[in-house]
*Asks:* 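Just passing along the structure, written as C-alpha cells.
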Number of protein chains: 2
Amino acid sequence: MTHPTIRDVAQRAGVGIGTVSRVLNNSPRVTASTRRAVLDAIAILGYKPNTLARQLPRKMRIRNIGVITQLFVSYRSFAERLRGVQLALNEIDHSYELVLFNVRSMPHYDERLRSIIQTGQVEGLIIIDLDLTGEQHELLLAHNLPFVGVNHFQNREWPCIGTDNLHGGRMATEYLLSLGHRKIAYVGDEFVDVFYAFNTSYERYTGFSQVMEAHGLRVPDHHICLAPHDYDAARASALELFRQPDLPTAIFAMSDMQALACIAAAEECGLRVPDDLSIIGYDDLEISYHTRLTTMRQHLLESGRLAIDYLLKRLSGENCPVPLLPPIELIARQTTRPYPPVKG
Amino acid sequence: MTHPTIRDVAQRAGVGIGTVSRVLNNSPRVTASTRRAVLDAIAILGYKPNTLARQLPRKMRIRNIGVITQLFVSYRSFAERLRGVQLALNEIDHSYELVLFNVRSMPHYDERLRSIIQTGQVEGLIIIDLDLTGEQHELLLAHNLPFVGVNHFQNREWPCIGTDNLHGGRMATEYLLSLGHRKIAYVGDEFVDVFYAFNTSYERYTGFSQVMEAHGLRVPDHHICLAPHDYDAARASALELFRQPDLPTAIFAMSDMQALACIAAAEECGLRVPDDLSIIGYDDLEISYHTRLTTMRQHLLESGRLAIDYLLKRLSGENCPVPLLPPIELIARQTTRPYPPVKG
DNA sequence: GTAGATTGTGGAAACGTTTCCACTACAACG
DNA sequence: CGTTGTAGTGGAAACGTTTCCACAATCTAC
C-alpha cells in the first residue's frame, strides 16, 4: 500500500477511526492504553496524515499566493522584490500566505507553472523575472488564475510591472557624458537569452550604444565586456579590460553587483574610483547605499508592493489596470566624478 | 450562503456537477453554449473552487515546509538564512515547497504557530530567530510536527541551530585588545527582551564586558550605546557617542548594519575609519565583504542549509542529532587596525 | 439499588471536488 | 432501417479526514 490511511491505522490498532482521529488531534478523551496502541500502529505503518484531507471538513480554505522565481542566488534584485512583496502583504491583508516556488531551468519552469495551474494550489501568482510564452499565458487565462509579473523588462501582452531598460541605459550613459566622459565601457551579462538573463543586458546596452552613437562616439569592441551574471565573472572581465591599452574613464555596469566587481578589479589594478575611473551601476540595492555606488534606481522594493496591491485587487474581483512603477531615477553617489577632474 | 459550491453552480446553470467540473478543468468535451451557461453561473454566484477539495480526489499530497520568521525588514540576517534554506532545499529535495509565515508581534506569533500546528498545513517547520515557550514546544511535540530552529541564540531544550553569542562577543573584544585598543565602546540593541531582540545584544555585550574586566579595563557608561535595532537609531546613537569627550579608539557593534551605521556617523564627525577609529561588526553579511568590514562570521547561509538538512532527515523518519554550526570566525578586513597606529 | 452524569469509543455523515461509468441523442455506415 | 460509434452530459462513488451522535461502561450521589 502506498499511503496508509486513518482506516488502516484504526484496523491495525483495533479501534475505530474516530479514536485515531482523536489521538491525532490530541484530544484528552482517549485512554492512555488506547492512545499507546494507536501510536504504535501509526509508527509501524509509517502513517502520515494527509494535510489536504484534514482541512476539508474543517471548512478551511487555504489562501495562498504563489511567488515563482529563480533561485535568488545570482540576482540580488530578486530578494529585494520579494521583500517588497512581503512588506506589502503584511500591511494590506493578513489572510494570505506566501508560497515560494523556485525554478532551476526553463523546462523546470514550464513544468512547475503547469503543475501550479493544474493543481490550483494558489489563488494568485506573482511571476518574478520570468517571461511567459503565449501558451503559458493562455493557460493562466483559461484556468482563471490571477497573476502578475514583476520583471526586469516591460511587456504589454500580459500584466507585468516592469521597467524600461532602454531608457535606463540611456539615462546612465547621458549622465556619464554630462560629466565629460567620452571613453565609456559597458560591463554586463552576455547577450544570449539564457534562462534568467532575457535580454535585459542587451536592452541596457542598446540604450547605452544609442546615446554614444548620437554623440558621435565609437565604442571599441574591447570596451564591451560581457560575462555570465556573476560577481567573479564580472571581476575577471573587468580585469581583462584594465589589462589592455586605451583605458576607459568610466564604466556603465548593468547591475550593482557587477559594478562592485568592477570597483574591486579597479583597485586590484591600482586604479582609484572615482579619481581614475567613474563607475555607475544599475538597481540601487541596499548595498549600493553603503558602498556609495552611483546607480540607477529602479524601485525594486516598490515593484513588489505594487504587485501585491494589484493581485489583491484582482483577487477581490476588481478589474483594475496594471500599476506603473515610478520612473527610473539616477542616484548620484561617490563612484562617479567629472572628467577631466576639476581640482577643488 | 457563504461559499457557493460546484453544486450551486450546477443547479443555477441547469447542468450536472460533472459538466461544471469539466468547464473548470477546461475539458474540450463541453458544448460552447453549455460552457457559456456555466461560466455565467460562476460569475453570478462569485463561485471560487476550493483549492483543498480539488486536490483530494487527485490523490495529491501537498508537501510544504513552513518557515516562520519575523518580517525580514530589520534583521538582514533573516534574508541570508532564508537564502541558505532555499539553496539547500533546491539541491537536496525538489518535492517540497516553502511556505513563508511572517509574524508581527509576540501574540501574533503564538496565534500563527497554533494555527499552523492545528491545521497541519505544513509537514515540517523551520523557526527562524524566534524562541519557543515550553507550552509551544509541547504542542509541537504533541502534534508530531517536525521542527528546527535557526537562531541568534543557543538552546538545549529544543532542536535549534544556534550560535554562542557570549563566545562571539569575547572573540571580537579579544581581537580589538590584541590590536592594542583599550578604550572600546559597545553599540547594540537595547537589552530589553523585545519581540525580536531576545537577549542577543545582552549576550554579546556580556562577552565583551567579561573580557574587558578580565583585562582590568573599566568601560564608562557613555561607551555603552544601546538603541533599537535599526540603522538610523544606531547612527544617532554613535553620533551621540562621538559628541562627548573621551572618545573610544574602537567600537564593537552587535551587527554589521549597526557597524555600518557607526562608520557613517564617524565620517559625519570627521573621524576616519580605521585611522582614527577601529570598528568591528557581527554577522558577516554579504554587504560586509563589499564594505570591507571587519566582522564575526556566524555562518548564516550555512545555518539555513543545516536546518533543511536536519528537517528532511527528520521527515524521512531518521532520528539524527541536531547539527552543529561551524565555530564563529573572525574575519579581519579593513575597518580595524592596530592602536596606537604603527607607521608603515 | 437506582437515577443521572461522565468517560471512552465506534462509525455514519459531511466536506467539495474529480473521476468514471452510464446514458442519450444523433451521425455515419452498410 | 438497423448497427455502430461518438460527442455531450448526469450523477454516484471516491478521496481521507473531522465531527457529531449514539451507545456502552463506569462512576457518583442519594
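Keep in mind it's a predicted model, so treat the numbers as computed, not measured. Letters A, B, ... are given to chains in the order of the sequence lines, protein chains preceding strands, and every chain is numbered from 1.
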*Asks:* I'd like a table of atom pairs between the protein and nucleotides 22-25 of chain D - only N or O on both sides, under 3.5 Å - with the distance next to each one.
*Replies:*
none

*Asks:* Please give me the minimum heavy-atom distance between B:A37 and B:A13, naming the atom from each residue.
*Replies:*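 What the structure gives for the nearest pair is O-CB, 3.9 Å.
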*Asks:* Distance check needed: C:dT18 P versus B:N26 CG, whole Å only.
*Replies:*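 Result: 12 Å.
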*Asks:* Where is the tightest heavy-atom contact between A:R35 and A:V30, given as atom of each residue plus distance?
*Replies:* N-CG1, 3.8 Å
*Asks:* Please give, in whole Å, the distance from D:dT19 C1' to A:I6 CD1?
*Replies:*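 It is 12 Å, rounded to the nearest whole Å.
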*Asks:* For A:A307 versus A:V150, what's the shortest heavy-atom pair and its separation?
*Replies:*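 Smallest heavy-atom distance, with atoms named: CB-CG2, 3.4 Å.
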*Asks:* D:dT17 C1' sits how many Å from A:L24 CG, rounded?
*Replies:*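 Computing the A:L24:CG to D:dT17:C1' distance gives 9 Å.
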*Asks:* Counting N and O atoms only, with roles assigned by atom type, does the side chain of B:N102 sit under 3.5 Å from a partner on the main chain of B:I68, one being a donor and the other an acceptor?
*Replies:*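 The answer is no, because no donor-acceptor pair under 3.5 Å joins these two groups.
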*Asks:* Tell me: CZ of B:R58 to P of C:dC15, nearest whole Å?
*Replies:* 21 Å
*Asks:* Count the heavy atoms of every other residue, nucleotide or ligand shown that sit under 6.0 Å from CD of B:Q11, and state whether that count exceeds 12.
*Replies:*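 For B:Q11, atom CD is not crowded (no more than 12 foreign heavy atoms under 6.0 Å).
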*Asks:* With no hydrogens and no angle check, is any side-chain donor or acceptor of A:S27 less than 3.5 Å from a backbone partner on A:R29?
*Replies:* yes
*Asks:* Please state how far atom CG in B:L56 lies from atom C1' in C:dT19, giving the value in whole angstrom units.
*Replies:* 13 Å
*Asks:* What string of B, S and - do you get for nucleotides 7-13 of chain D, 5' to 3', if B is base contact, S is sugar-phosphate-only contact and - is no contact with any protein heavy atom under 4.0 Å?
*Replies:* SSBBBB-
*Asks:* Taking atom P of C:dC20 as reference, at what distance in whole Å does atom NZ of B:K59 sit?
*Replies:*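 After rounding, the reported distance stands at 11 Å.
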*Asks:* May I ask you to decide if A:T5's main-chain N or O and A:D8's side chain share a donor-acceptor pair within less than 3.5 Å?
*Replies:*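 Yes, A:D8 side chain to A:T5 backbone: donor-acceptor pair under 3.5 Å.
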*Asks:* Does a nitrogen or oxygen in the side chain of A:S21 sit under 4.0 Å from OP1 or OP2 of D:dT18?
*Replies:* yes
*Asks:* Looking at every non-hydrogen atom in both residues, tell me the closest pair between A:D131 and A:Y109 and how far apart they are.
*Replies:*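 Closest approach of A:D131 to A:Y109: O-OH, 2.7 Å.
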*Asks:* B:N151 side chain to B:D129 main-chain N or O, any donor-acceptor pair under 3.5 Å?
*Replies:* yes
*Asks:* Donor-acceptor pair, distance only, cut-off 3.5 Å: does the side chain of B:N25 make one with the backbone of B:S21?
*Replies:*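 The answer is yes, because a donor-acceptor pair under 3.5 Å joins these two groups.
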*Asks:* Assign the ring pair A:F147 / A:W158 to parallel, tilted or perpendicular, where the plane angle (0 to 90°) is split at 30° and 60°.
*Replies:*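 Ring orientation of A:F147 relative to A:W158: tilted.
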*Asks:* What protein N or O atoms touch nucleotides 24-28 of chain C N or O atoms at under 3.5 angstrom, if any, and at what distances?
*Replies:*
none

*Asks:* Atom CG of B:N25 to atom P of C:dT19: distance rounded to whole Å?
*Replies:*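 So the CG-P distance, B:N25 to C:dT19, works out to 7 Å.
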*Asks:* Take the protein atom CD1 of A:I42 and the nucleotide atom C1' of D:dT17, then report the distance between them rounded to whole Å.
*Replies:* 13 Å
